[in-house]
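Ligands are counted one by one from 1 in listed order, and the atoms in each one are counted from 1 as well.
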Amino acid sequence: MAIMRVPSSTQTFQPVLERIADEIGRTPGRGRAADYIPALAACDPRSFGMAVAELDGTVYGVGDWREPFSTQSITKVFTLALDLAREGDELWEHVGREPSGNPFNSLVQLEYENGIPRNPFINAGALVVTDRLQTRTGDAAGELLAFLRAESGEPSLDFDHEIAASESAHGDRNAALAHFMASYGNIDNPVPDLLDQYFRQCSIRASCADLALATGFLARHGVRADGSRLLTRSQAKQVNAVMLTCGTYDAAGDFAYRVGLPGKSGVGGGIIAVVPGRCTLCVWSPGLDERGNSVAGVAALDRFTTLTGLSVF
Ligand code: GLU
């Protein structure tokens, strides 16, 4: 199979996106929308959107690429970056960077690892990161929202209060994780305040275009859209590496094998991915597989790297 030419300044990613959308549209069986957060269950699993953003902010898209969806765990990448930018390596004393091999909301590992979560992308690890960002900023979710608005150039991005309330009403497991880590001294803020921040963080709605743009700093080796630096080059490498090894629940090995890019998924059906030095992607389709990754989303990214040859390998 011929590899499609990737864009120079006079070409675009548009043909490859349209080809992928056409293939996905002809594929039956797209998984099931998450139903453990009731407000997510209503999504149409056949929705599909995909966007690619180049380093200069040029965006290409197909399908429902401008439709806002529930970002959920994708936000864990941004809170990690925002906290790492502030506290540096000290963060890694409170959260690890190894794949967990367990479901994203598992409690079992925490006890025999003394309340230090395996990585920042399982829920326990994300709660630690949000807690630390909260201590440093006084409003972790607000800090995140401001960052996403600035990087996407979309000031209307906002929390979805219905989703946050729905998750709060069904949040016993996240509450258990937070209380358990607090008992080991690995949570600073009162647990109810932390959960409020975390549920609002996860509830932010954004489109594929918004998220592809907001992820751009990871393809620009730590540099934000306005040219200022958020992360050192080394820290940007660290975040990309943790995405590659831990970003897609306990299917990260399969995702790396199929797609070959740092990626982060969320139970809202979105996945962001980074081609360092080249471009960023976001794909959304709410139907999930049994591990919590978007079925059409993984398939679309798999096709993208196969058709363009743009992977990190
Ligand atoms: N807010 C969700 C939770 O904490 C996020 C899960 C996800 O997207 O992985 O359960």
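One finds no salt bridge joining Glu154 and Arg149 here, because no Lys/Arg side-chain nitrogen approaches an Asp/Glu carboxylate oxygen to under 4.0 Å. We find that Asp139 and Arg200 are joined by a salt bridge, their nearest charged nitrogen and carboxylate oxygen being less than 4.0 Å apart. Under 4.0 Å is where a charged nitrogen must lie from a carboxylate oxygen, and between Glu143 and Arg86 at least one such pair does.
Close approach to Ser73 involves these atoms of ligand 1, each under 4.0 Å from a residue heavy atom: 5 (C), 6 (C), 7 (C), 8 (O), 9 (O). Taking every non-hydrogen atom of Asn123 and a distance limit under 4.0 Å, the qualifying atoms of ligand 1 come out as 3 (C), 4 (O), 10 (O). Heavy-atom proximity to Gly266, at under 4.0 Å, picks out these atoms of ligand 1: 8 (O). Atoms of ligand 1 lying under 4.0 Å from at least one heavy atom of Tyr249, given by number and element, are 7 (C), 8 (O), 9 (O). Close approach of ligand 1 to Asn174 is summarised as follows: ligand atoms under 4.0 Å from at least one heavy atom of the residue are 3 (C), 4 (O), 10 (O).
Cation-pi check for Arg291 over Tyr249 is not met; the charged atom does not lie both under 6.0 angstrom from the ring centroid and within 45 degrees of its normal.
When heavy-atom distances to ligand 1 are checked against a 4.0 Å cut-off, Ile74 has no atom that comes that close, whether in backbone or side chain. Within the 4.0 Å heavy-atom criterion, the part of Cys202 lying near ligand 1 is the side chain and not the backbone. With a 4.0 Å cut-off on non-hydrogen atoms, Phe199 does not touch ligand 1 at all. Within the 4.0 Å heavy-atom criterion, the part of Glu167 lying near ligand 1 is the side chain and not the backbone. With a heavy-atom cut-off of 4.0 Å, Val267 touches ligand 1 through backbone and side chain alike.
On a distance-only criterion, Ser265 and ligand 1 share no N/O pair closer than 3.5 Å.
Donor-acceptor pairing under 3.5 Å is lacking for the side chains of Thr248 and Asn293. For Asp131 and Tyr198, the side-chain atoms include no donor-acceptor pair closer than 3.5 Å. Thr130 and Gln201 share a donor-acceptor pair across their side chains, judged by distance under 3.5 Å alone.
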Decide ring-ring contact (aromatic ring centres under 6.0 Å, His included) for Phe147 and Phe217; before the verdict, give the C-alpha distance in whole Å, the side-chain angles of both, and the deciding distance to 0.1 Å.
CA-CA 11 Å; Phe147 179 81; Phe217 73 101; 5.5 Å; yes
